[in-house]
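Each chain gets a letter, A, B and so on, in the order the sequences are listed, and its residues count up from 1.
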There are 2 protein chains.
Amino acid sequence: MSEPERRPFVSARMVAERAGVSRSAVSRTFTDGASVSEETRRKVLEAAGELGYHVNHLARGLRESSNIVCLLVADITTPIRARLVDVLTRKLQAAGKVIMIINTGTDEESTASALRQTLNYRADATVVLSGTPSAKLIETSLANGQQVVLINRDDPLSGCHNLSVDNEMAGREAFFLLRRAGCKRLALVTSTARTASLLERERVFVDVARAAGMSVTVMASGPTTYASGYESARRLFGRSQGPDGVFCVTDLLALGFMDAARHEFGLSLPGDLCVVGFDDIEEGDWQSYKLTTFAQPFTAMGDHVVELLAQSSPAETGRQVFEPVPIWRKSVRPSAD
Amino acid sequence: MSEPERRPFVSARMVAERAGVSRSAVSRTFTDGASVSEETRRKVLEAAGELGYHVNHLARGLRESSNIVCLLVADITTPIRARLVDVLTRKLQAAGKVIMIINTGTDEESTASALRQTLNYRADATVVLSGTPSAKLIETSLANGQQVVLINRDDPLSGCHNLSVDNEMAGREAFFLLRRAGCKRLALVTSTARTASLLERERVFVDVARAAGMSVTVMASGPTTYASGYESARRLFGRSQGPDGVFCVTDLLALGFMDAARHEFGLSLPGDLCVVGFDDIEEGDWQSYKLTTFAQPFTAMGDHVVELLAQSSPAETGRQVFEPVPIWRKSVRPSAD
DNA sequence: GACGCAAATGCACTTGTGTGCAATCGTCAT
DNA sequence: ATGACGATTGCACACAAGTGCATTTGCGTC
């Protein structure tokens with residue numbers, strides 16, 4: 001049953017034996033500022049090279065901090081998530097962290113078990129990109145001295161860092177963009193996944209429009225995907241009088257919406273219809289779309305995360321709001337004036 | 001300088017003290033099949049719950065295997081990579097592994113340092129999705145008892161598992177598809193990143209075409225991106241006589257190519273031009289493209305990786321080739337017959 | 001009540017590190 | 001030659017777990 005010998009990882013002890021020095025000497029050779037003679041150091045490095053020795057960071061993590069950061073994320077294949085993961089892994093790595101990724105569902109239970117796993121591996125910090133952990137779980141993390149960073153998760157939970165984008169600004173600006181373009185019949189396309197971010201963009205857009213005396217048709221046909229945006233367009237234009245100005249709370253929805261409008265109903269943009277998105281995914285810049293949208297300032301957000309985790313003392317945990325930057329392309333008519 | 005007290009992680013010892021039992025009892029409570037009385041177990045679980053205790057898998061990994069699998073990957077934002085990462089993380093997690101992700105460059109040096117980090121964390125296995133590690137480095141990994149899996153990396157290196165897609169079949173089938181559609185002037189669009197996979201698709205396509213008495217214009221304008229495919233189309237159609245049948249070695253290239261052909265030169269597909277891609281990214285199924293392509297069988301590949309890592313004894317390390325499956329959409333004319 | 005047997009428990013060792021403290025080594029000056 | 005002093009070095013402990021082995025505990029039976 002038990003395999004006879006399977007511990008091929010070479011340890012400091014083996015290096016010490018081969019080099020004819022004490023294990024402490026090996027340890028000191030690989031720690032900066034420790035006192036080792038040049039001669040010993042040379043012998044150790046030689047033996048280490050021959051055996052292929054690598055310091056065991058897991059064991060080192062027993063004493064000090066593990067340097068592990070966990071990324072909880074769902075829907076990695078979504079362009080926007082992939083970009084966020086890309087930026088974060090890059091920047092965290094550059095800061096000397098090691099990234100453990102947990103591909104979780106968006107439901108509460110799967111986020112919960114993921115967060116628990118995070119603790120099992122003594123991660124210094126957990127960055128939550130999707131799904132919202134319960135307050136109780138976050139408390140457990142904090143009790144274990146772990147920092148928690150929520151990105152675009154809203155519901156600002158106390159004790160952890162909250163980074164988010166100014167959805168209010170986006171909703172407001174989207175409306176002004178469409179009004180300036182002379183749109184008369186507004187619609188808002190969202191998804192059935194009622195995330196706080198999406199809800200806020202929707203709420204603000206609708207409120208501002210109503211305040212300006214315009215009504216808004218709200219449509220949600222499924223998850224936050226291309227297909228769902230496509231379907232929303234079919235439903236909206238299947239009616240007698242379709243909209244001529246649409247704010248899609250996500251670029252993916254917008255692209256699906258545009259395709260349906262063009263290919264199923266022969267509409268042309270921005271002549272017959274203006275569309276505004278949100279996220280600024282690469283696909284939106286493709287020649288077939290040239291979508292006017294708002295960019296999430298990912299690099300700034302990534303920098304901020306690194307900065308937060310750099311300071312070991314989690315001083316002020318709070319909410320940090322980032323301004324999305326409007327990207328002007330061709331899916332909205334330039335204003336008349 | 002040294003912080004006075006900062007070890008907030010709760011350990012088995014603390015739980016033991018609180019529950020009034022020995023530390024061994026705590027350990028046994030959390031290991032299946034160990035001998036603990038119901039009473040002790042209850043006390044331990046209660047104390048653990050109050051303190052928020054979580055077994056330290058890092059410490060456990062010191063004795064047994066770490067259950068860590070490293071993913072070396074570049075260009076995560078690329079749709080195809082994101083999907084691969086998604087599938088692998090999902091399946092590996094389900095198999096009880098923990099995934100450490102390293103966002104590396106494609107250059108040799110950055111792959112090297114990434115692979116070394118892998119060893120530092122005693123990963124059971126390393127899965128390389130991009131970049132090709134040197135043979136010497138792989139040797140070090142193997143010497144440390146670590147399994148290495150290369151996906152679509154070709155250059156079959158001995159000692160590690162190689163999974164790849166049948167590029168030869170793809171190149172051949174792409175040609176037959178275009179010929180059956182009646183295309184007379186063939187072109188092949190690739191990137192300047194001369195990966196083995198891409199090179200093989202190119203080689204086979206060109207060879208088969210020549211054998212059939214047709215010449216092929218080969219064009220590469222940059223990295224494996226949409227923009228580069230777009231540029232290739234501009235160059236090809238800027239000449240007197242553009243191609244009427246094109247195999248793009250990647251879907252992203254194909255989509256860029258199609259957009260340029262349509263929007264810059266007013267061509268219509270599949271009437272004036274037939275395009276075949278490779279990868280089957282989601283965007284290819286969008287209404288604006290409906291790209292005929294070959295799908296990489298990711299779920300099968302993922303299953304195979306899990307299977308390989310499940311068996312602790314790395315029995316036969318070799319090459320496993322997966323058949324891409326043709327996806328018929330609308331960017332190629334149906335054959336005349 | 002004593003004995004036997006099984007279940008439960010605790011001690012001590014293991015894994016691979018880093019490091020405080022004490023001992024040793026080497027060098028230089030008196 | 002000896003003392004002083006600084007640079008090395010090794011011992012032993014800490015970290016957080018799992019487990020073999022010996023010991024203790026509990027229970028039933030004669």
Can Ser27(B) and Ser24(B) be said to form a side chain to side chain donor-acceptor pair (under 3.5 Å), step by step?
CA-CA 5 Å; Ser27(B) 200; Ser24(B) 308; over 6 Å; no
Just to confirm, is there a sub-4.0 Å distance from OP1 or OP2 of dA16(D) to any side-chain nitrogen or oxygen of Ser27(B)?
no
Under 4.0 Å between any heavy atoms, over every strand shown, what does Val36(B) touch: base, sugar-phosphate, or nothing? Just pick one.
sugar-phosphate
How about Leu71(B) and Ile102(B): do any of their side-chain heavy atoms sit closer than 4.5 Å?
no
Could you tell me whether Glu39(B) and Arg42(B) have a side-chain N and a carboxylate O separated by less than 4.0 Å?
yes
Report the nucleotide, chosen from dA17(D), dG16(C), dG18(C), that has the shortest atom-to-atom distance to any side-chain atom of Ala59(A).
dG16(C)
Donor-acceptor pair (no angle test) under 3.5 Å: Ser24(A) side chain, dC11(D) base
yes
For Leu119(A) and dA17(D), give me the distance from atom CG to atom P, rounded to whole Å.
12 Å
Between P of dT17(C) and CG of Asp32(A), the distance in whole Å:
16 Å
Would you please classify the geometry between the Phe322(A) ring and the His304(A) ring as parallel, tilted or perpendicular, with 30° and 60° separating the classes?
perpendicular
Between Val55(A) and Val21(B), the residue closer to the 5' end of DNA chain C by nearest nucleotide is Val21(B)
Start with the C-alpha distance between Asn120(A) and Asn56(B), add both sets of side-chain angles, then the distance that settles side chain to side chain donor-acceptor pair (under 3.5 Å), and finish with yes or no.
CA-CA 5 Å; Asn120(A) 282 331; Asn56(B) 186 337; over 6 Å; no
Tyr53(B) has a side chain; which of dA12(D), dC11(C), dA17(D) sits nearest to it?
dA17(D)
Under 4.0 angstrom, heavy atoms only, what part of the nucleic acid is Ser35(A) near: base, sugar-phosphate, or nothing?
base
Gap between atoms CG and P, on Leu58(B) and dA17(D) respectively (whole Å)
10 Å
In whole angstrom, give the distance that lies between atom CG of Asn56(A) and atom P of dC15(D).
18 Å
Atom-to-atom span, NZ of Lys43(A) to C1' of dT8(D) - whole angstrom
12 Å
side-chain N/O Arg60(A) vs dG18(C) OP1/OP2, d < 4.0 Å:
yes
Please report the distance, rounded to the nearest Å, between CE in Met14(B) and C1' in dA14(D).
13 Å
With sugar-phosphate meaning primed atoms plus P, OP1 and OP2, does Phe30(A) contact a base, only sugar-phosphate, or nothing at under 4.0 Å between heavy atoms?
nothing
Stepwise side chain to side chain donor-acceptor pair (under 3.5 Å) test for Gln320(B) and His161(B)
CA-CA 8 Å; Gln320(B) 176 85 16; His161(B) 308 281; over 6 Å; no
Would you say the base of dC15(D) and the side-chain of Ser11(B) have a donor-acceptor pair closer than 3.5 Å?
no
Given atom CG of Asn67(A) and atom C1' of dT17(C), what is their separation to the nearest angstrom?
15 Å
Once you apply a heavy-atom cut-off of 4.0 Å, does Arg13(B) come out as touching a base, just sugar-phosphate, or nothing?
sugar-phosphate
Which part of the nucleic acid, if any, lies within contact of Ser37(B), taking any heavy atom under 4.0 Å across all strands shown: a base, the sugar-phosphate backbone alone, or nothing?
sugar-phosphate
d(CZ, Arg23(A); P, dT15(C)) in whole Å:
11 Å
Measure from the side-chain heavy atoms of Arg28(A) and tell me the nearest of dT9(C), dG20(C), dG18(D).
dG20(C)
Please classify the nucleic acid contact of Arg122(A) as base, sugar-phosphate, or nothing, using heavy-atom distances under 4.0 Å.
sugar-phosphate
From the candidates dT19(D), dT9(D), dG18(C), the one with an atom nearest any side-chain atom of Thr31(B) is dT19(D)
